[in-house]
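See below for the structure under consideration.
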Amino acid sequence: MASFVFFRYSQLPELPLWAKSNADLVTLAIFLGTVFGSLHWISNLLADISNISRLPYLFSVVFKGAFLFLGALTLALMTQFLDMWATEHQMVTLRNMLNSEIIKNTSFQAVVVYLVIVRVGLAFIEQVALLVGPRVLVNIGLGKYHRPRYEERLFLFIDMVSSTAHAETLGDVKFSRLIQDSFSLLAETVNKNDAEIYRYMGDAVLIHWPLKEGLKRERCLNIYFEFCEQLNWQRAYFEKKYGFVPKFKAAIHGGQVVAAVVGVHKQEISYFSDVVNTLARLQDQCNPLGQRILLSGDVACKLKNKYKKYQITPLGPIQLKGKQYPIDVFAAALSAKD
């Protein structure tokens with residue numbers, strides 16, 4: 001917004017009548033930046049908490065654009081007010097300001113063109129960020145993973161229980177809506193625990209962190225139990241719409257992986273290691289062991305569990321399918337006081 005203000009008035013041979021110095025232009029730029037920034041934030045908030053997020057993305061762009069148009073109208077009114085006040089040295093009524101001359105005003109037309117360009121550009125960036133993830137987008141843009149590199153990563157694999165039976169009962173379309181409703185509740189706790197969604201796989205999702213970040217404050221466990229809590233809070237909605245509340249099982253494992261960008265026309269950051277394969281095999285043991293969430297020994301021994309929020313129970317060495325040696329497996333549950 002600052003660049004627009006200075007560009008708009010830099011074309012004049014001298015400062016506008018209402019400005020005594022460049023400091024007045026700076027003040028105007030800060031004010032307008034605050035107005036448009038607030039409108040942009042409010043429009044995003046309303047779109048996220050309403051059904052607009054379920055509509056085609058074009059509707060979301062139009063909705064958000066309406067807020068920015070309101071900002072353009074505010075700018076036009078303010079510009080006209082300043083100009084008329086400076087030339088006539090008197091206050092003008094809002095009724096006189098709201099007339100067809102505003103539409104013909106070059107300042108207003110310039111702002112509308114500017115907002116259209118900015119809104120379309122932001123919409124494109126937002127949509128790409130939603131598709132690949134904001135951090136992935138930044139990392140690909142910076143070329144961080146164009147050469148394979150080693151990283152320590154922690155993974156959380158969440159999968160729906162009895163998904164095949166649910167799909168057969170509900171049908172494909174309604175089951176897909178169930179997945180949408182379930183994972184929309186997961187988004188908030190993912191952001192809250194500073195995690196990234198690596199990949200959706202039907203009725204399952206793979207979440208990850210840098211190893212230390214995922215272990216910090218037991219974030220890897222927080223996500224799963226907070227997600228289950230969110231589902232329980234929406235029990236009435238799920239029972240009314242689908243006849244049941246979906247349940248999910250999970251597994252946590254981490255270690256050294258190789259991260260690299262793969263693909264040409266469609267790129268993504270992929271992780272190559274036995275860690276991801278072990279994670280999937282570990283998650284397969286939830287049903288046989290009768291547990292909601294399992295942790296590998298490598299992860300369990302690194303969790304501090306400082307506030308004793310979770311009860312970590314050793315289940316002994318387990319031979320995972322396709323693995324040469326058994327690994328130590330632990331179960332996690334909320335402590336009795338929670």
Side-chain angles (χ1 to χ4, degrees), residues 136 145 147-164 186 190 193-225 227-228 247-262 268-306 308-335:
V136 172
Y145 295 106
R147 291 185 178 180
R149 54 185 292 170
Y150 285 104
E151 289 188 346
E152 294 287 328
R153 286 273 161 179
L154 183 65
F155 293 90
L156 167 64
F157 184 29
I158 299 178
D159 187 24
M160 182 180 287
V161 176
S162 303
S163 58
T164 302
L186 180 63
V190 167
N193 288 282
D194 201 25
E196 297 178 65
I197 293 178
Y198 172 37
R199 187 174 293 163
Y200 290 103
M201 298 167 288
D203 59 306
V205 59
L206 192 55
I207 301 168
H208 68 112
W209 302 257
L211 185 61
K212 291 183 179 179
E213 293 300 314
L215 295 171
K216 186 185 298 183
R217 294 191 291 273
E218 293 76 49
R219 287 171 173 165
C220 55
L221 290 172
N222 293 343
I223 283 190
Y224 175 74
F225 288 102
F227 176 45
C228 292
K247 295 181 179 179
F248 289 82
K249 54 188 177 180
I252 303 173
H253 184 46
Q256 188 180 74
V257 299
V258 174
V261 171
V262 296
E268 71 171 16
I269 298 175
S270 293
Y271 298 96
F272 304 94
S273 172
D274 188 57
V275 170
V276 178
N277 182 50
T278 300
L279 176 72
R281 301 301 185 188
L282 181 61
Q283 193 268 345
D284 289 339
Q285 293 297 314
C286 286
N287 288 342
L289 296 175
Q291 301 294 332
R292 298 169 59 192
I293 181 170
L294 297 175
L295 297 79
S296 68
D298 292 340
V299 172
C301 68
K302 295 175 182 176
L303 279 173
K304 295 181 179 180
N305 201 18
K306 182 177 179 180
K308 306 299 180 182
K309 184 178 180 180
Y310 301 104
Q311 181 179 349
I312 310 298
T313 305
L315 301 179
I318 303 293
Q319 182 70 47
L320 301 180
K321 183 179 179 181
K323 298 299 175 182
Q324 185 175 0
Y325 303 104
I327 68 168
D328 291 327
V329 176
F330 292 74
L334 289 169
S335 297

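Given the structure is predicted, the values throughout are model-derived calculations rather than measurements.
If you take CG on Leu215 and CG on Leu154, they are separated by 5.5 Å, rounding to the nearest 0.5 Å. Here OG1 of Thr313 is found 10.0 Å from CG of Leu295. Values are rounded to the nearest 0.5 Å. With rounding to the nearest 0.5 Å, the separation of CE in Met160 from CG in Asp203 is 6.0 Å. We find the NZ-OG distance between Lys249 and Ser163 to be 7.5 Å, quoted to the nearest 0.5 Å. Remark: Asp284 CG to Leu320 CG distance equals 9.0 Å, nearest 0.5 Å. Rounding to the nearest 0.5 Å gives a distance of 9.5 Å between OG of Ser335 and NZ of Lys309.
Legend: residues meeting side chain to side chain donor-acceptor pair (under 3.5 Å) with Glu213, ordered by chain and number and at least two apart, are Lys216, Arg219. For Ala251, the side chain to side chain contact (heavy atoms under 4.5 Å, CB included) partners two or more places apart in sequence, or in a different chain, are Leu279, Leu282, Gln283. Legend: residues meeting side chain to side chain contact (heavy atoms under 4.5 Å, CB included) with Pro148, ordered by chain and number and at least two apart, are Val258, Ala260.
A 4.5 Å side-chain heavy-atom check between Arg199 and Tyr271 finds every atom pair outside the cut-off. Looking at Phe248 and Val161, their side chains never come closer than 4.5 Å, going by heavy atoms from C-beta outward. Residues Ile223 and Leu186 meet the side-chain proximity criterion, which asks for heavy atoms closer than 4.5 Å. Phe227 places none of its side-chain heavy atoms less than 4.5 Å from the side chain of Val205. Side-chain atoms of Leu156 and Trp209, non-hydrogen and from C-beta on, do get closer than 4.5 Å to each other. Taking 4.5 Å as the limit, every side-chain heavy atom of Val299 sits out of range of all side-chain heavy atoms of Phe330.
Side-chain contact check for Asn193 and Tyr224: no donor-acceptor pair (N or O, by modelled atom type) lies under 3.5 Å.
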Q: Determine, stepwise, if the pair Gln285 / Ile318 fulfils side-chain contact (heavy atoms from CB on, under 4.5 Å).
A: CA-CA 9 Å; Gln285 293 297 314; Ile318 303 293; 4.0 Å; yes
Q. Under the side-chain contact (heavy atoms from CB on, under 4.5 Å) criterion, do Arg153 and Ser273 qualify, and how do the steps go?
A. CA-CA 10 Å; Arg153 286 273 161 179; Ser273 172; over 6 Å; no
**Q.** Full working for side-chain contact (heavy atoms from CB on, under 4.5 Å) between Glu152 and Gln256
**A.** CA-CA 5 Å; Glu152 294 287 328; Gln256 188 180 74; 3.4 Å; yes
Q: Would you sort out whether His253 and Phe157 count as a side-chain contact (heavy atoms from CB on, under 4.5 Å), showing the intermediate values?
A: CA-CA 9 Å; His253 184 46; Phe157 184 29; over 6 Å; no
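Partner of Ile252 under the side-chain contact (heavy atoms from CB on, under 4.5 Å) criterion, chosen from Leu221, Leu303, Leu294: Leu221. Considering Val275, Asp274, Leu211 in turn, Val275 is the only one that fulfils the side-chain contact (heavy atoms from CB on, under 4.5 Å) rule with Val257.
Using the six-membered ring where Trp is involved, His208 and Tyr198 have ring planes that are perpendicular, over 60° apart on the 30 and 60° scheme.
Side-chain atoms of Asn222 come within 3.5 Å of backbone N or O of Arg217 as a donor-acceptor pair.
Atom NZ of Lys323 has more than 12 heavy atoms from other residues, nucleotides or ligands within 6.0 Å.
Asp328 and Pro317 get closest at one heavy-atom pair: OD1-CG, 3.7 Å.
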